Amino acid sequence: MKPKIFVTYPLAETAIQKLRRYFEVDINPEKRTLTQEELINSCQNKDGVLCLLTDNMNKTVIESCPSLKVISNYAVGYNNIDIGMANDRKIPVYYTPGVLTDATADLTLALILATTRRVVESDAFIRSGQFTGWSPDLLLGFDINGKTLGIVGMGRIGLAVAKRATAFNMSVMYTARHDKALKPYEYVSLDTLLEKADIISLHLPYTQENHHLINAQRLSQMKKTAFLINTARGPIVEEAALANALIAGKLAGAGLDVFEEEPKVHPDLLKLSQVVLLPHIGSATEDTRTNMALMAAENLVQFFFGQKTEHLVNPQALNT
């Protein structure tokens with residue numbers, strides 16, 4: 001008898017076909033996030049679940065699904081899953097790192113350019129009929145050539161952004177848990193990075209330790225001409241403090257692809273023309289999303305029929 005898998009969202013057909021070769025597959029037909037009750041009911045009598053970052057696999061859900069043997073998360077992060085409870089239940093959790101690196105790094109550069117060169121603001125300006133001709137001071141932006149990019153979190157995506165930034169003749173400094181000796185990039189403390197960088201880009205996973213890492217105090221350390229870019233996780237930034245800093249002119253602008261309480265956005269940010277807001281599309285290319293789905297499916301195949309641990313978040317679940 002084939003293992004039973006529940007897929008919480010209708011993903012790329014190639015990935016679904018792969019799953020059907022190995023499993024009995026049940027798929028949520030609706031393109032929306034399931035409620036906790038729906039998620040629990042759908043996972044009953046299932047051996048595995050392929051879920052999204054928006055699916056809250058919390059203690060209640062995991063406890064309520066006694067047949068669950070594995071969780072495959074369609075994301076590079078996994079803060080939607082109670083890893084402690086998964087360990088207690090000896091449930092391995094898999095994720096999809098690496099496959100979305102380039103797409104997210106590309107979008108980060110897009111946000112940097114959009115914010116510094118006022119691209120979205122300029123588009124709205126011309127669509128509203130305000131453009132009456134060229135003038136020397138029309139929608140002046142900021143050069144990034146020769147400026148300093150500060151990267152907070154130098155993992156796969158941070159490094160990919162750094163490489164792209166050098167093509168724009170930017171110098172790069174970074175902060176991480178330790179010096180990775182990534183020449184020509186300069187390792188500095190977070191305080192130094194905030195004080196010296198012209199653009200600060202966040203590329204670290206979300207944990208309770210870095211909840212509101214970028215708060216009012218940290219924002220006050222930045223240059224008034226600096227820009228903040230976040231394509232990592234929303235709760236790393238205290239949105240109310242960011243809005244206040246922007247309104248007060250203590251920061252030049254921001255580009256955000258993620259938000260503290262998605263899909264909600266702080267109302268003050270919606271009013272600010274110097275902020276570019278995107279609906280969590282860091283990995284939103286057809287190739288990347290298809291590859292993510294295939295990797296998430298392959299993680300399940302390897303768990304049930306192989307020995308794969310490469311994309312395993314919690315190896316202790318297999319060792320206890």
Side-chain angles (χ1 to χ4, degrees), residues 9 30-36 52-56 58 74-80 100 103-125 127-128 139 141-142 152-153 157 161 194 199-208 210-220 222 224 226-285 288-289:
Y9 194 91
E30 300 184 45
K31 292 188 175 184
R32 65 172 177 85
T33 302
L34 297 174
T35 65
Q36 177 170 286
L52 310 187
L53 189 68
T54 50
D55 296 312
N56 188 2
N58 56 30
Y74 172 89
V76 70
Y78 41 87
N79 53 286
N80 58 309
L100 47 64
T104 306
D106 289 345
L107 189 84
T108 301
L109 261 293
L111 274 173
I112 290 172
L113 291 168
T115 53
T116 57
R117 292 304 303 272
R118 303 172 68 177
V119 171
V120 176
E121 188 180 353
S122 297
D123 180 84
F125 180 83
R127 290 178 189 272
S128 63
L139 290 162
F142 296 81
V152 182
I157 297 173
V161 171
L194 295 175
I199 298 167
I200 295 97
S201 191
L202 306 179
H203 299 287
L204 65 168
Y206 174 70
T207 64
Q208 285 301 313
N210 60 36
H211 180 79
H212 285 180
L213 176 72
I214 305 301
N215 52 27
Q217 188 273 324
R218 292 259 166 70
L219 289 163
S220 70
M222 300 179 192
K224 290 185 178 181
F227 294 82
L228 178 69
I229 308 295
N230 188 10
T231 57
R233 288 290 178 261
I236 295 171
V237 177
E238 185 179 359
E239 282 185 18
L242 175 60
N244 290 337
L246 289 162
I247 292 169
K250 296 178 180 179
L251 205 64
L256 308 174
D257 184 46
V258 289
F259 304 94
E260 193 172 345
E261 297 180 6
E262 285 186 24
K264 296 179 182 178
V265 181
H266 193 285
D268 287 343
L269 292 175
L270 296 171
K271 304 172 187 176
L272 300 174
S273 61
Q274 70 270 44
V275 181
V276 176
L277 305 170
L278 301 180
H280 204 145
I281 59 169
S283 62
T285 69
T288 297
R289 292 286 170 85

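Everything numeric here is computed off the predicted structure, so don't read it as measured data. Because only heavy atoms are used, hydrogens play no part in the values below, and waters and symmetry mates are left out as well, while side chains stay in. In this chain, residues are counted from 1 in sequence order.
Looking only at side-chain heavy atoms (C-beta outward), Leu277 and Leu270 come within less than 4.5 Å of each other. Residues Leu269 and Leu246 are in side-chain contact: their nearest non-hydrogen atoms beyond the backbone lie under 4.5 Å apart. At least one side-chain heavy atom of Leu242 sits less than 4.5 Å from a side-chain heavy atom of Leu256.
For Ala216 against Ala241, the heavy-atom pair with the smallest separation is N-CB, 3.6 Å. Ala243 approaches Leu272 most closely through the heavy-atom pair O-CD1, 4.3 Å. Across all non-hydrogen atoms, the minimal contact from His266 to Glu239 is N-OE1, 3.0 Å. In plain terms, the two heavy atoms of Ser201 and Thr108 that are nearest each other are OG-CG2, 3.3 Å. When every heavy atom of Pro235 is checked against every heavy atom of Phe259, the shortest pair comes out as CD-O, 4.1 Å. The two atoms that bring Phe227 and Thr115 nearest to each other are CE2-O, 3.7 Å, heavy atoms only.
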With side-chain contact (heavy atoms from CB on, under 4.5 Å) as the test, would you mind laying out the steps for Asn58 and Gln36 before giving the verdict? CA-CA 9 Å; Asn58 56 30; Gln36 177 170 286; 2.9 Å; yes

Please determine whether side-chain contact (heavy atoms from CB on, under 4.5 Å) holds for the pair Leu107 and Ile281, giving the CA-CA distance in whole Å, both sets of side-chain angles, and the decisive distance to 0.1 Å. CA-CA 8 Å; Leu107 189 84; Ile281 59 169; 4.1 Å; yes

Show your working on ring pair (Phe, Tyr, Trp, His ring centres under 6.0 Å) between Tyr74 and Tyr9 and close with a plain yes or no. CA-CA 10 Å; Tyr74 172 89; Tyr9 194 91; 8.3 Å; no

Stepwise side-chain contact (heavy atoms from CB on, under 4.5 Å) check, Glu260 with Val237: CA-CA 7 Å; Glu260 193 172 345; Val237 177; over 6 Å; no

Checking side-chain contact (heavy atoms from CB on, under 4.5 Å) for the pair Val161/Leu109: CA distance, chi angles, key distance, verdict? CA-CA 7 Å; Val161 171; Leu109 261 293; 4.0 Å; yes

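Note that CG of Asn230 and CD1 of Ile200 are 12.0 Å apart. Values are rounded to the nearest 0.5 Å. To the nearest 0.5 Å, atoms CE (Met222) and CD1 (Ile199) are separated by 12.5 Å. For the atom pair Leu202 CG and Asp257 CG, the distance stands at 12.0 Å (nearest 0.5 Å). Distance CG/Leu111 to CG/Leu228: 10.5 Å, rounded to 0.5 Å. A distance of 14.5 Å separates NE2 in His212 from CD in Gln217, rounded to the nearest 0.5 Å. Here Leu194 contributes atom CG and Ile214 contributes atom CD1; the two are 5.5 Å apart, rounded to the nearest 0.5 Å.
The closest donor-acceptor contact from the side chain of Arg218 to the backbone of Leu213 lies under 3.5 Å. Judged purely by atom type and a 3.5 angstrom limit, Asn210 uses its side chain to pair as donor or acceptor with the backbone of Pro205. Asn80 places no side-chain N or O within donor-acceptor distance of the main-chain N or O of Asn56, the cut-off being under 3.5 Å. Panel note: side chain Arg289, backbone Ser283; a donor-acceptor pair is recorded below 3.5 Å. Thr288 places no side-chain N or O within 3.5 Å of a backbone atom of Ala284 that could act as its donor or acceptor partner.
In the displayed structure, Arg32 atom CZ is contacted under 6.0 Å by more than 12 heavy atoms of other residues, nucleotides or ligands.
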